[in-house]
2 protein chains.
Amino acid sequence: MMKNYFKSVIPETTLRRMVYYTRCLNSFKNEGVKLIQSEDIAKKCGVKSSVVRKDLSYFGEFGVRGKGYDVESLLSTINGITNTFGKMNAALIGVGKLGSAIIKHSTENFNVKIIAAFDKDKKKINKEIGETKVYSVKDIENIIKKYKIKIAIIAIPPSDVQEIVDILVKAGIKAILSLALIPLNVPDDVEVSFVDVLSEVEFLFYKLSLRRNI
Amino acid sequence: MMKNYFKSVIPETTLRRMVYYTRCLNSFKNEGVKLIQSEDIAKKCGVKSSVVRKDLSYFGEFGVRGKGYDVESLLSTINGITNTFGKMNAALIGVGKLGSAIIKHSTENFNVKIIAAFDKDKKKINKEIGETKVYSVKDIENIIKKYKIKIAIIAIPPSDVQEIVDILVKAGIKAILSLALIPLNVPDDVEVSFVDVLSEVEFLFYKLSLRRNI
DNA sequence: TATACTATGTGCTTGTGATAACAAGAGCAA
DNA sequence: TTGCTCTTGTTATCACAAGCACATAGTATA
């Protein structure tokens, strides 16, 4: 039976794994593999095959029972979910060491493309890092609106973050990835996500410490 | 009633929030706040006060009913959980742009200290970034054993990751934070965690896309 | 000392994600 | 067509985390 394209609510954990699956599928594709089974994806990603099937089933029925999934078509179906079918365009604020590392990383890998970067340092403005042009932070609103960018990565000192966040929200940004683990004030319709290496290391310390003390 | 120090099993989500609480408490401390309530922490961290209280209760009873928590003593109690009471020492593999950004970040902020870095590029070996000395990857086992380092951050190209992971495990590393979202082979007693900016951005794309399509 | 007040700590309910077990569908062969 | 095999898609169960709501215990005040 054909079902409506998306089930009611899709768990965040599933969405996170979808990113992982995409990586795996691309890897299979590059190896020339045409057909795979849920078990193959599961092994490669370190999850259970039932999880893979369940995750995929949230979006529709893509497999053939008794056979498996067609790598190519599964990939393009997943790409279709984000409606991008190409690069996912994002902006980056803060072209310091971390910021430029991310730009470099995005040129080498995967699906995300940083199409505009911003900094307040005049020495950096108007230069290019790879294909990414660096603008003044004063131009954030203009450029973001011009290119209809919806996602921004923030790689600036914590003290400046909220000020920039306000500008981004005003410019129409709908999701912010902050590289500093500090609370952000945003409207309800703006997604916020944190990535912080040192926080994660601290978390690992907690985990290790508790292992012995239980 | 005094209870045994740690309750049976502590949820991962709680441990993650503990890191966040630490940040908030330090922030309160710097502002000169002596006494706080669960509601204060909750607001600052964007969670419910009952969650804060429950999280803390996993480790013991630190508050005074009718008053709240003493900032200073709560902080040192939490620090005590990791048995470090000072810096948390970690190693870093790969002194590229990303790696050196992390080292710089760790000198400026928070609790984690990178006490040894490793690279295979001879130009980088024996130099120092801040207070962190850069060693040859050939010395990983020696140095890690010498300083009894238990946690390592990996910031190298995906193709080299597994090779380094094997060396780290052999050297006694018990937790690995990988900056590339690729599966790692490790023994069961080694914790593995991933932090990948671009994966997180992709995840946000999924989230935004689905918002409209439900 | 008694009483009112305040914020903690904690059972208990509720909701959500993970897991396993199973039913259903597709291909193939006789 | 019938039966067999294989792997998907789904259902039912289990485990766990979130949040409420209240009993508890300490503080302040008279």
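Letters A, B, ... mirror the listed sequences (proteins, then strands); counts begin at 1.
Checked by distance alone, Arg65(A) brings no side-chain donor or acceptor within 3.5 Å of a matching partner on the base of dG9(D). Side-chain N/O atoms of Lys54(B) and base N/O atoms of dG19(D) include a donor-acceptor pair closer than 3.5 Å.
A donor-acceptor pair is defined here as one N or O able to donate and one able to accept, closer than 3.5 Å; such a pair exists between the side chain of Gln37(B) and the backbone of Lys67(B).
Note: Asp55(B) CG to Ile41(B) CD1 = 10.0 Å, rounded to the nearest 0.5 Å. Interatomic distance, Ile140(B) CD1 to Lys170(B) NZ, rounded to the nearest 0.5 Å: 11.5 Å.
Rounded to an integer number of Å, the gap from CZ of Arg16(A) to P of dG17(C) is 13 Å. Atom-to-atom, CD of Glu39(A) to C1' of dA20(C) comes out at 14 Å; the value is rounded to the nearest Å. Between Glu61(B) atom CD and dT10(C) atom P the separation is 5 Å, expressed in whole Å. We find that CG of Asp70(A) is positioned 13 Å from P of dT8(D), with the value rounded to whole Å. Following rounding to the nearest Å, Asp55(A) (CG) and dG17(C) (P) show an atom-to-atom distance of 11 Å. Following rounding to the nearest Å, Asp40(B) (CG) and dT6(C) (P) show an atom-to-atom distance of 15 Å. Put simply, CZ on Phe59(A) is 15 Å from C1' on dG9(D), counting in whole angstrom units. Atom-to-atom, CZ of Arg53(B) to P of dG11(C) comes out at 14 Å; the value is rounded to the nearest Å.
Distance from the side chain of Arg17(A) is smallest for dA18(C) among the nucleotides dA18(D), dG9(C), dA18(C). With dA18(D), dG27(C), dT8(C) as the candidates, the nucleotide lying closest to the side chain of Ser38(B) is dT8(C). Residue Ser50(B) has its side chain nearest to dA21(D) when only dA21(D), dA26(C), dT19(C) are considered. Closest contact between the side chain of Ser57(A) and the listed nucleotides dT10(C), dT27(D), dG9(D) involves dG9(D). Side chain of Tyr69(A), nearest nucleotide from dT10(D), dT8(C), dG9(D): dG9(D). Side-chain proximity of Lys48(B) to dC20(D), dT8(D), dA21(D): nearest is dC20(D). Residue Val64(B) has its side chain nearest to dG26(D) when only dG11(C), dT7(D), dG26(D) are considered. Closest approach to the Gln37(A) side chain among dT10(D), dT8(C), dT7(D) is made by dT7(D) (side chain taken as heavy atoms from C-beta onward). Checking dG17(C), dA12(D), dA21(C) against the side-chain heavy atoms of Pro11(A) singles out dG17(C) as nearest.
Ion pairing of Lys44(B) with Glu31(B) is present here, as a side-chain N (NZ or NE/NH1/NH2) and a carboxylate O approach within less than 4.0 Å. A salt bridge does not link Lys97(B) with Glu108(A): none of the charged nitrogens is closer than 4.0 Å to a carboxylate oxygen.
For Thr13(B) and dA17(D), the shortest distance from a side-chain N or O to OP1 or OP2 is not below 4.0 Å.
Judged by closest nucleotide on DNA chain C, Glu12(A) is the one of Gly66(A) and Glu12(A) placed further toward the 5' end.
Enclosure of atom CD in Gln162(B) by more than 12 non-hydrogen atoms of other residues, nucleotides or ligands within 6.0 angstrom is indicated.
Thr14(A) comes within 4.0 angstrom of no nucleic acid atom, judged by non-hydrogen atoms across all strands.
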